[in-house]
Amino acid sequence: MGKKLLARFAAGIFFLMSISVPRLFFAQESSSVGIFEGHGDVGTVLQAGTSEYDASKHSYALTGSGENMWSKSDNFQFAWKKWSGDASLTADISLVGQGGHEHRKAVLMIRQSLDADSVYVDVALHGDGLTSLQYREAKGATTHEIQSNISAPAQLRIEKRGDYVLMWLGVPGEKLKPSGAAMRVSFSAPFYVGIGVCSHDKDAIEKAVFSNVELKEIPRAAAAEQSTLYSTLETIAVESRDRRVVYSVPGHFEAPNWTRDGAAFIFNADGRILRLPVGGGQPQTIDTGFAVRCNNDHGISPDGKTLAISDQSQGDHQSIIYLLPITGGAPRRITQKSPSYWHGWSPDGKTLAYPGQRNGEFDIYTISTEGGEERQLTTAIGLDDGPEYTPDGKYIYFNSVRTGRMQIWRMRPDGSAQEQVTSDDLNHWFPHISPDGKWLVFLSYGKEVEGHPENKDVMLRIAPLKDDKVDGKIEVLAKLFGGQGTINVPSWSPDSKQLAFVSYQLIPRENPAK
């Protein structure tokens with residue numbers, strides 16, 4: 001009897017050992033591989049990965065399993081080096097083989113720790129060619145991304161400068177350049193810099209080859225006058241908070257409107273008004289006649305047929321509001337007094353709202369689209385700016401500094417019932433209400449910032465609306481380097497699911513990472 005029990009026990013042990021169960025690996029210090037100090041699997045994987053260096057080819061071959069690198073934890077093979085200070089990591093990356101998951105990933109990564117839920121930023125090349133800057137801002141937080149408008153680049157770089165991490169990409173035959181994707185994430189020294197692979201399939205192993213790998217220490221960003229400004233038009237999805245680069249170039253452009261048919265963006269650059277397809281490409285200049293000194297205060301009529309611009313070409317060369325066909329044409333002057341800066345259009349298409357400076361004070365005014373006399377709505381001491389109608393026409397939202405900091409306010413279209421909407425230590429500008437009336441978005445500066453200058457750390461913040469009033473917690477929609485030009489005018493998508501904005505980067509002209 002004892003022998004039978006022993007045999008059954010042994011059989012049970014053999015059966016348990018034959019079952020494939022998840023194995024928990026942590027990337028601990030191990031033998032170095034090329035320039036990297038160690039390697040191993042981060043998170044929970046079914047099959048251990050590998051990291052190998054081919055000295056003859058100066059390349060790294062990594063294999064990795066793992067269900068994903070996303071959400072609140074990651075599972076992948078990681079070859080790493082501890083680092084302090086700013087750095088750039090560059091490589092040519094190729095995923096080996098066909099038929100794997102379309103979202104298998106090969107990455108260049110900066111990571112705070114080897115914990116599965118660590119803070120990180122990576123430049124991720126996916127199996128289907130999608131390339132994105134992925135990031136987790138806080139330990140255990142949800143991962144988000146900024147998708148590039150470049151698919152399957154030949155060369156990739158991740159670059160840390162201060163609290164910003166940037167993605168550089170190079171298409172075949174061209175040198176590396178900033179992709180427009182940048183995220184503000186803080187790391188404490190020391191942290192980890194390295195390369196990684198995730199199969200995005202817990203039962204599979206994928207392989208990637210990293211060649212021409214270069215890890216460099218770089219100095220902090222140069223002064224603005226020693227840098228090239230890059231402007232990037234991005235969109236962000238309200239539900240996921242994920243972003244996408246639509247258009248990025250060296251130079252300065254501002255303030256996207258999203259056309260009523262959802263097909264294009266309209267923005268200003270060098271005094272002209274440009275139109276860009278939502279899918280990207282090259283912008284085309286809209287004919288605005290004599291108006292060739294347009295600023296960033298422009299917008300589209302509710303029926304989508306007319307464009308309002310604010311231009312400084314004539315008269316005293318201060319901003320004047322004009323209307324013209326959205327396809328281009330001769331501008332028709334609306335405001336006789338200047339400066340006047342367009343900001344809002346009533347839902348019935350008959351009235352414009354704008355700030356104007358009169359007798360040394362900036363206040364909110366309205367005027368008929370046929371012109372005529374303007375109507376003053378605010379009289380408080382201090383700057384009032386950014387008026388925008390709610391979709392039902394019952395209120396005008398605006399920003400005012402009358403209580404000491406710039407805050408969001410609202411009032412009736414006749415100027416009555418003025419009331420403060422936000423009240424905190426930050427400075428808020430340019431309230432924009434979604435077309436369905438459910439969301440309020442605005443731009444927030446730090447408490448130390450006066451006015452709405454360019455090239456600052458700013459946030460897009462969002463709050464739910466009910467009955468035209470904030471009805472819930474104000475949350476951060478996006479962190480970016482921007483300010484003036486980021487979101488001066490209405491830029492919601494027609495379906496209220498996305499928002500367009502402009503972010504900026506200052507790239508040193510003689511980039512030591514090149």
Side-chain angles (χ1 to χ4, degrees), residues 229 231 233 247 249-259 264-276 282-301 304-345 349 351-376 383-388 429-430 451-454 483-491 502 504:
L229 178 71
S231 301
L233 197 161
Y247 178 67
V249 290
H252 187 242
F253 64 78
E254 303 176 300
N257 303 121
W258 204 314
T259 58
F265 301 109
I266 289 175
F267 57 93
N268 63 287
D270 300 321
R272 307 306 297 268
I273 302 296
L274 306 177
R275 179 185 175 96
L276 176 74
Q282 292 301 313
Q284 300 296 317
T285 301
I286 296 175
D287 176 18
T288 54
F290 62 79
V292 293
R293 295 181 62 188
C294 300
N295 56 49
N296 56 33
D297 296 318
H298 44 77
I300 303 167
S301 62
K305 296 180 179 180
T306 305
L307 179 65
I309 59 173
S310 305
D311 177 75
Q312 300 160 211
S313 298
Q314 295 195 328
D316 56 7
H317 297 296
Q318 297 193 81
S319 184
I320 296 168
I321 298 173
Y322 300 87
L323 297 182
L324 66 147
I326 197 167
T327 54
R332 175 169 60 89
R333 183 168 178 167
I334 301 300
T335 57
Q336 298 305 311
K337 296 180 180 180
S338 61
S340 300
Y341 304 87
W342 180 90
H343 270 274
W345 213 308
T351 307
L352 306 180
Y354 57 96
Q357 187 179 34
R358 312 287 184 260
N359 301 316
E361 280 288 335
F362 269 99
D363 284 298
I364 305 298
Y365 295 84
T366 58
I367 195 170
S368 167
T369 53
E370 298 303 317
E373 292 296 319
E374 64 183 15
R375 180 178 184 179
Q376 184 173 355
L383 176 62
D384 294 325
D385 200 356
E388 184 171 313
W429 290 79
F430 308 130
H452 54 99
E454 60 186 11
Q484 171 73 303
T486 289
I487 191 170
N488 293 58
V489 293
S491 56
V502 177
Y504 299 93

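All residue numbers refer to positions in the sequence shown, counting from 1.
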Visitor: Taking the side chain as C-beta and beyond, is there a heavy-atom pair between Pro355 and His343 under 4.5 Å?
Guide: yes
Visitor: With Pro453, which residues qualify under side chain to side chain contact (heavy atoms under 4.5 Å, CB included), at least two apart?
Guide: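 Partners of Pro453 under the side chain to side chain contact (heavy atoms under 4.5 Å, CB included) test: Tyr445, Val449, Lys456.
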Visitor: If you take all heavy atoms of Ser338 and Ile320, which pair is closest and at what distance?
Guide: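 Closest heavy-atom pair between Ser338 and Ile320: CB-CG1, 3.9 Å.
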Visitor: Quick check against the 3.5 Å criterion: does Thr486 have a side-chain atom that pairs as donor or acceptor with the backbone of Val502?
Guide: yes
Visitor: Assess the residue pair Asn359 and Glu361 against the criterion (side chain to side chain donor-acceptor pair (under 3.5 Å)); give the C-alpha distance rounded to whole Å, side-chain angles, the decisive distance to 0.1 Å, and a yes or no.
Guide: CA-CA 6 Å; Asn359 301 316; Glu361 280 288 335; over 6 Å; no
Visitor: Any donor-acceptor pair under 3.5 Å linking the side chain of Ser301 with the backbone of Thr306?
Guide: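 Judged by distance alone, yes, a pair lies under 3.5 Å.
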Visitor: If I take atom CZ from residue Arg293 and atom OG from residue Ser313, how far apart are they, to the nearest 0.5 angstrom?
Guide: 6.5 Å
Visitor: Please examine the side chains of Ile364 and Tyr354, heavy atoms only from C-beta on, and report whether any two atoms are closer than 4.5 Å.
Guide: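 Not touching, per the 4.5 Å side-chain cut-off.
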Visitor: If you compare all heavy atoms of His298 against all heavy atoms of Ile309, which two are closest, and at what distance to 0.1 Å?
Guide: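 The pair with the smallest heavy-atom distance is CB-CA, 4.3 Å.
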Visitor: Using a 3.5 Å distance criterion without hydrogens, assess whether the side chain of Ser310 forms a donor-acceptor pair with backbone atoms of Trp342.
Guide: yes
Visitor: Are the side chain of Trp345 and the backbone of Ala308 linked by a donor-acceptor contact shorter than 3.5 Å?
Guide: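 No; judged by distance alone, with no hydrogens or angles, the pair does not exist.
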Visitor: Specify the closest pair of heavy atoms between Ala269 and Phe253, including all atoms of both residues, with the distance to one decimal.
Guide: CB-CB, 3.7 Å
Visitor: How about Gln484 and His452: does a side-chain donor come under 3.5 Å of a side-chain acceptor?
Guide: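 Gln484 vs His452: donor-acceptor pair found between side chains.
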Visitor: Under 4.0 Å between a Lys/Arg side-chain N and an Asp/Glu carboxylate O for Lys337 and Glu373?
Guide: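 Glu373 and Lys337: not salt-bridged.
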Visitor: Under 3.5 Å, is there a donor-acceptor pair between the side chain of Arg332 and the main chain of Ile334?
Guide: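 Judged by distance alone, no pair lies under 3.5 Å.
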Visitor: With rounding to the nearest 0.5 angstrom, report the CD1 to CG distance, Ile367 to Leu352.
Guide: 7.5 Å
Visitor: Apply the test ring pair (Phe, Tyr, Trp, His ring centres under 6.0 Å) to residues Phe265 and Tyr247: give CA-CA distance (whole Å), side-chain angles for both, the deciding distance (0.1 Å), then the verdict.
Guide: CA-CA 11 Å; Phe265 301 109; Tyr247 178 67; over 10 Å; no
Visitor: Got Phe267 and Arg275 here, is their nearest side-chain heavy-atom distance under 4.5 Å?
Guide: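 The answer is no; the side chains never approach within 4.5 Å.
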Visitor: Pairing donors with acceptors under 3.5 angstrom, does anything connect the side chains of Ser491 and Asn257?
Guide: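 The answer is no; no qualifying pair exists.
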Visitor: For residues Glu254 and Asn488, is any side-chain donor paired with an opposing acceptor at under 3.5 Å?
Guide: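 No pair is found: no donor N or O on one side chain lies under 3.5 Å from an acceptor on the other.
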Visitor: To the nearest 0.5 Å, what is the distance between CD on Gln376 and OG1 on Thr366?
Guide: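 Going from CD on Gln376 over to OG1 on Thr366, the span is 10.5 Å.
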Visitor: Would you say the side-chain atoms of His317 pair up with the backbone N or O of Gln312, donor to acceptor, closer than 3.5 Å?
Guide: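 Checked: pair present.
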Visitor: Is there a side-chain contact between Gln336 and Glu374 (heavy atoms, below 4.5 Å)?
Guide: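 They are not in side-chain contact.
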Visitor: Would you indicate whether the side-chain heavy atoms of Ile487 and Trp429 approach each other to under 4.5 Å?
Guide: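 They are not in contact (no side-chain heavy atoms under 4.5 Å apart), so the answer is no.
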Visitor: Is it the case that the side chains of Ser319 and Asp311 hold a donor-acceptor pair, with the cut-off being a distance below 3.5 Å and no angle test?
Guide: no
Visitor: Could you measure the distance from the CG atom of Asn268 to the CG atom of Leu274? Nearest 0.5 Å is fine.
Guide: 8.0 Å
Visitor: Looking just at side-chain N and O atoms, do Arg358 and Ser340 make a donor-acceptor pair shorter than 3.5 Å?
Guide: yes
Visitor: Strictly distance-based, threshold 3.5 Å: is any side-chain N or O of Thr259 a donor or acceptor partner for the main-chain N or O of Ala264?
Guide: yes
Visitor: For the side chain of Ser231 and the backbone of Gly251, is there at least one donor-acceptor N/O pair under 3.5 Å apart?
Guide: yes
Visitor: Find the distance between CD1 (Ile286) and OG1 (Thr327) and round it off to the nearest 0.5 Å.
Guide: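 Those atoms lie 8.5 Å apart.
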Visitor: Roughly how far, to the nearest 0.5 Å, is the OH atom of Tyr322 from the OG1 atom of Thr288?
Guide: 10.5 Å
